[in-house]
Amino acid sequence: MPKSLPHTPLPIALAFSLLASAATHAQSVGSSPWGPDDEIGRLNLMTETSRAAILARIEGGESYDLSVEYFIGMPSWQAAGDPHYRIWMTHTPRGTQIDDPLGVGAPMNDHVSYSGSAISMYTHTGTHIDTLAHFGLDGQIWNGFHADTHLGDRGWQAAGAERLPTLIARGVLIDLPAALGVEQLADNYRVTERDLRLALARQGTQLQTGDIVLIRTGRMQDYETAANFMNNAPGLGLEAARYLVETGGAMVVGADNLSFEAFPSETDTNYVPVHTYLLAEQGTPILELVNLEELARDQVYEFAFIGGGLRLRGADAAPMRPVALPLRPAGE
């Protein structure tokens, strides 16, 4: 269980006030309004009541898989030298006939065809969630956990992927290309607060406290061609991120691109200011490489988001396979 207080949240106004206050101190990690042991940040906004409310509105019928496929040559974060996705066979039907690895004999191996495989990849590969340990400031991550005291040889002893609860919340799609009249956002396009407001108004969608807000840039259309997908991707600017959290009340934010924020950085003092703002200052997990194309095609802007990351102990990210289920209008 997460070391947090998910069923006894602070009053929303107080929580937001404290989080906003933490963000005003430039380049410093936030202290959690949910207590000194909190490791999941804004996921504390998800409660038994909020989960029940969203599950009660599921319409049934169509469901949308928001994950991407994994394959050799797929797009992945490679700028810092992290490993690409790899899959290899550990057992094949013909190989077991020759090697007899289980000692069952040739007749059995001729009759029973055995296939097995293994994979290797960076934890931030494919559709995944960044934990609050992913980026910090001055050796600390969210809520003051420090690398000197909370990071061992086997990963973080605080805020690791195993701490994250299953996400069950209202999801909101913000379709920027549709709002701006383009197929996809231009290379290096930096999303602004104005862009987000424009798209929400066009869709007739209002953000609510505790939402999982997913931004479509259109870059997922290039997913099968890694070079195109990874090259100069559009992403969010700091102003837009602040709007989603401090005004919109988002619990989790995500997008269909490789690294959520736009590059190059807006500031000379931080090469990932959006990541550190969200993760280290505000305690807001980030979803990346979320497949939003089918939702956009069917103009599904509000849905139940259900998904959980792999419980990788001490990890700073976890692959996940989330689903979106359309909702009945509130009150029906």
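Heavy atoms only: backbone and side chains are in, while hydrogens, waters and symmetry mates are out.
Among residues at least two apart or in separate chains, there is no ring-ring contact (aromatic ring centres under 6.0 Å, His included) pair with a member in residues 279-307. Residue pairs meeting the side chain to side chain donor-acceptor pair (under 3.5 Å) criterion with at least one member in residues 247-260, sequence neighbours excluded, are Thr217-Asp256. Applying the ring-ring contact (aromatic ring centres under 6.0 Å, His included) test to pairs two or more places apart or on separate chains, those with a residue in residues 216-255 are Phe71-Tyr223, Tyr223-Phe229.
Every residue two or more places apart in sequence or in another chain was checked for a salt bridge (Lys or Arg N to Asp or Glu O under 4.0 Å) with Glu224, and none qualifies. For the salt bridge (Lys or Arg N to Asp or Glu O under 4.0 Å) test, residues two or more places apart in sequence or in another chain that qualify with Arg197 are Glu193. With sequence neighbours left out, the side-chain contact (heavy atoms from CB on, under 4.5 Å) criterion links Ser67 to Asp65, Thr127, Arg321, Pro322. Applying the side-chain contact (heavy atoms from CB on, under 4.5 Å) test to Ala80 and every residue at least two apart in sequence or in another chain returns Trp77, Asp82. Applying the side-chain contact (heavy atoms from CB on, under 4.5 Å) rule to Ile87 yields the partners Ile72, Tyr85, Ser117, Ile119; only residues at least two apart in sequence or on another chain are considered. Every residue two or more places apart in sequence or in another chain that forms a salt bridge (Lys or Arg N to Asp or Glu O under 4.0 Å) with Asp211 is listed here: Arg170. Under the side-chain hydrogen bond (donor to acceptor under 3.5 Å, both in side chains) criterion, Gln203 pairs with Thr205, sequence neighbours left out. With sequence neighbours left out, Ala106 forms a side-chain contact (heavy atoms from CB on, under 4.5 Å) with no residue at all.
By the 4.5 Å side-chain criterion applied to Ile, Leu, Val, Met, Phe, Trp and Tyr, Met89 is assigned to no cluster and stands alone.
A donor-acceptor contact closer than 3.5 angstrom links the side chains of Ser32 and Asp38.
With respect to the salt-bridge test (charged N to carboxylate O, under 4.0 angstrom), the residues Arg313 and Glu162 do not qualify.
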